[in-house]
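Working notes, structure below.
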Number of protein chains: 2
Amino acid sequence: MNADPIALAEAHWVDHGWGEAAPGMRLVTTITRVQQLLHQSIDELLRPDLTFARYEILMLLVFSKRGALPMSVIGSRLQVHAASVTSAVDRLERDGYVTRERGEGDRRQVLARITSAGRRRALAATEILNQEVFEDVGLPAAAAGRLTTSLDRMREHRGETLDA
Amino acid sequence: MNADPIALAEAHWVDHGWGEAAPGMRLVTTITRVQQLLHQSIDELLRPDLTFARYEILMLLVFSKRGALPMSVIGSRLQVHAASVTSAVDRLERDGYVTRERGEGDRRQVLARITSAGRRRALAATEILNQEVFEDVGLPAAAAGRLTTSLDRMREHRGETLDA
DNA sequence: TGCAGATACTTAGACGTCAAAGTATCTGCA
DNA sequence: TGCAGATACTTTGACGTCTAAGTATCTGCA
């Protein structure tokens, strides 16, 4: 018996004469489901003061040379809209992990600067995520590498530039 | 030059002595990004009256024998919380794609039943998604199949039962 | 020099997701 | 028989995402 709803959907696709699209439908749905599962685990590990979105911003700032980046750069690195960055930085600021500054040259810019509390929190979060999620994704290293490569191809196919 | 922020993050991971977790971090982040891209494309194709979440519910109902399912079954098939089902069905009902009924035997249950308008809309949406997304995911069929298999392994690793 | 258009960010509102709490109904056991 | 606890759904509220619209600042060109 196959009780997996996604595999069942694929079979229905074939039955309806959509065989050409069936594997793609299954792949897309499966990606969605895996992302859901990862997102839930990660957010639970980061609660209550961080989420994956805010963690990603913090790590971007940790890796930046000056510990600060314009909002627009954060948005383009993470591929999310400016409004999402605004709201995430609002909350990081509320919790004292980040401060806002006006741009020196261009006064329209807003820089998010990580605080020392932000750095400490980001490193503690990394330790947990490395141990609980990243070090064992459920696949042998080689398979994980091939998976990443295939997914990168999909990113390119949907318009992202990876610049090898 | 490598301008991909995800590949850069992986390099930073290695530099910080987190080499063991680096490939996993990259994989998880890449899955997130691909899902973001797919989600955006799909929701744009379904606008303004559907989203991927609502489309998935509609297709579940299309494939159901009686054209109706309890809210709880919808939630467990799609692996989302009851509250998410409630809000999606609210909107499907608002647009006339679904009606609500009380369960016959168990009066606590609520069944969502697809309407004929809902069926028509679901099939039209499928045609568009098949053509614009599912039939060409950017990978050869064999690679797509391997990808799905690996992702299924990740689903199992994170606690989903696939019952081969 | 000055203004039109572009750019950087924020605000407002819709939607999806989750957690927690509330309501109605069912079930099992004393 | 009746009540305590379980179950099915809804409601409320926090958060992330997007689009659209608003504000401040900059830039280019007449």
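Chain letters run A, B, ... following the sequence lines, proteins first and then strands; every chain starts at 1. What's counted below: heavy atoms across the whole structure, side chains too, no hydrogens, waters or symmetry copies.
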> When you measure from every atom of DNA chain D, which of residues 122-129 of chain A have a heavy atom less than 4.0 Å away?
Replying inline: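 Nothing qualifies; none.
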
> Got a sec? Which of residues 34-54 of chain B come in under 4.0 Å of DNA chain D, heavy atoms?
Replying inline: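 Residues of residues 34-54 of chain B that come under 4.0 Å of DNA chain D are, in numerical order, B:Gln40, B:Arg47.
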
Tell me, please, which residues at least two apart from [X] pass side-chain contact (heavy atoms from CB on, under 4.5 Å).
X        : answer
B:Arg102 : B:Arg107, B:Val110
A:Ala117 : A:Tyr97, A:Thr115, A:Arg120
B:Glu132 : B:Leu45, B:Ile128

> Between B:Val137 and B:Ala144, which heavy-atom pair has the shortest distance, and what is it?
Replying inline: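 In this case the closest contact between B:Val137 and B:Ala144 is CG2-CB, 4.5 Å.
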
> Which pair of non-hydrogen atoms, one from A:Gln36 and one from B:Leu78, has the smallest distance, and what is that distance?
Replying inline: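 Looking at all heavy atoms of both residues, the shortest contact is OE1-O, 3.6 Å.
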
>> Taking salt bridge (Lys or Arg N to Asp or Glu O under 4.0 Å) as the cut-off, I'd like each qualifying pair that reaches into residues 7-17 of chain B, sequence neighbours left out, listed once.
In response: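 Applying salt bridge (Lys or Arg N to Asp or Glu O under 4.0 Å) to every pair that reaches into residues 7-17 of chain B, excluding sequence neighbours, yields B:Glu10-B:Arg26.
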
>> Quick test of your reading: applying salt bridge (Lys or Arg N to Asp or Glu O under 4.0 Å), list the pairs with at least one residue in residues 61-78 of chain A, sequence neighbours left out, ordered by first then second residue.
In response: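 Listed once each, the pairs would be none.
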
> More 5' along DNA chain D: A:Gln79 or A:Glu104, using each one's nearest nucleotide?
Replying inline: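 The answer here is A:Gln79.
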
So, OP1 or OP2 of [N]: does either fall under 4.0 Å of a side-chain N or O from [X]?
X       : N      : result
B:Ser84 : C:dG16 : no
B:Arg94 : C:dC15 : yes
B:Arg91 : C:dC15 : yes

Distance-only donor-acceptor hits, side chain of residues 50-58 of chain B, under 3.5 Å, sequence neighbours excluded:
{"from": "B:Thr51", "atom 1": "OG1", "to": "B:Arg54", "atom 2": "N", "distance (Å)": "3.2"}
{"from": "B:Arg54", "atom 1": "NH1", "to": "B:Asp49", "atom 2": "O", "distance (Å)": "3.4"}
{"from": "B:Tyr55", "atom 1": "OH", "to": "B:Thr126", "atom 2": "OG1", "distance (Å)": "2.8"}

>> I'd like to compare against my own output: the B/S/- annotation of nucleotides 3-11 of chain D with a strict under-4.0 Å heavy-atom distance to protein.
In response: ---BBSSBB

>> Could you work out, with ring-ring contact (aromatic ring centres under 6.0 Å, His included) as the rule, every residue matching B:His157, not counting sequence neighbours?
In response: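 Result, ring-ring contact (aromatic ring centres under 6.0 Å, His included) vs B:His157: none returned.
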
> Can you list the residues that meet the salt bridge (Lys or Arg N to Asp or Glu O under 4.0 Å) rule with A:Glu93, with sequence neighbours excluded?
Replying inline: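 Checked A:Glu93 against salt bridge (Lys or Arg N to Asp or Glu O under 4.0 Å); matches are A:Arg100.
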
> Which ranges of DNA chain D pair up as stems, where a stem means three or more consecutive Watson-Crick or G-U pairs with both distances under 3.5 Å?
Replying inline: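 As far as DNA chain D goes, consecutive pairing (with distances under 3.5 Å) yields the stems C:1-30 with D:1-30.
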
> How are the rings of A:Phe63 and B:Trp18 set relative to one another: parallel (under 30°), tilted (30 to 60°) or perpendicular (over 60°)?
Replying inline: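 Ring orientation, 0 to 90° scale: tilted.
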
> Are there more than 12 heavy atoms of other residues, nucleotides or ligands under 6.0 Å from atom CD of A:Glu101?
Replying inline: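 Yes, CD of A:Glu101 has more than 12 neighbouring heavy atoms, counting only those of other groups under 6.0 Å.
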
>> Applying a 4.0 Å non-hydrogen cut-off, can you work out what A:Gly75 is touching in the nucleic acid: base, sugar-phosphate, or nothing?
In response: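 It contacts nothing in the nucleic acid.
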
>> Under 4.0 Å between a side-chain nitrogen and a carboxylate oxygen: does that hold for A:Arg155 and B:Asp4?
In response: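 So A:Arg155 pairs with B:Asp4 through a salt bridge.
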
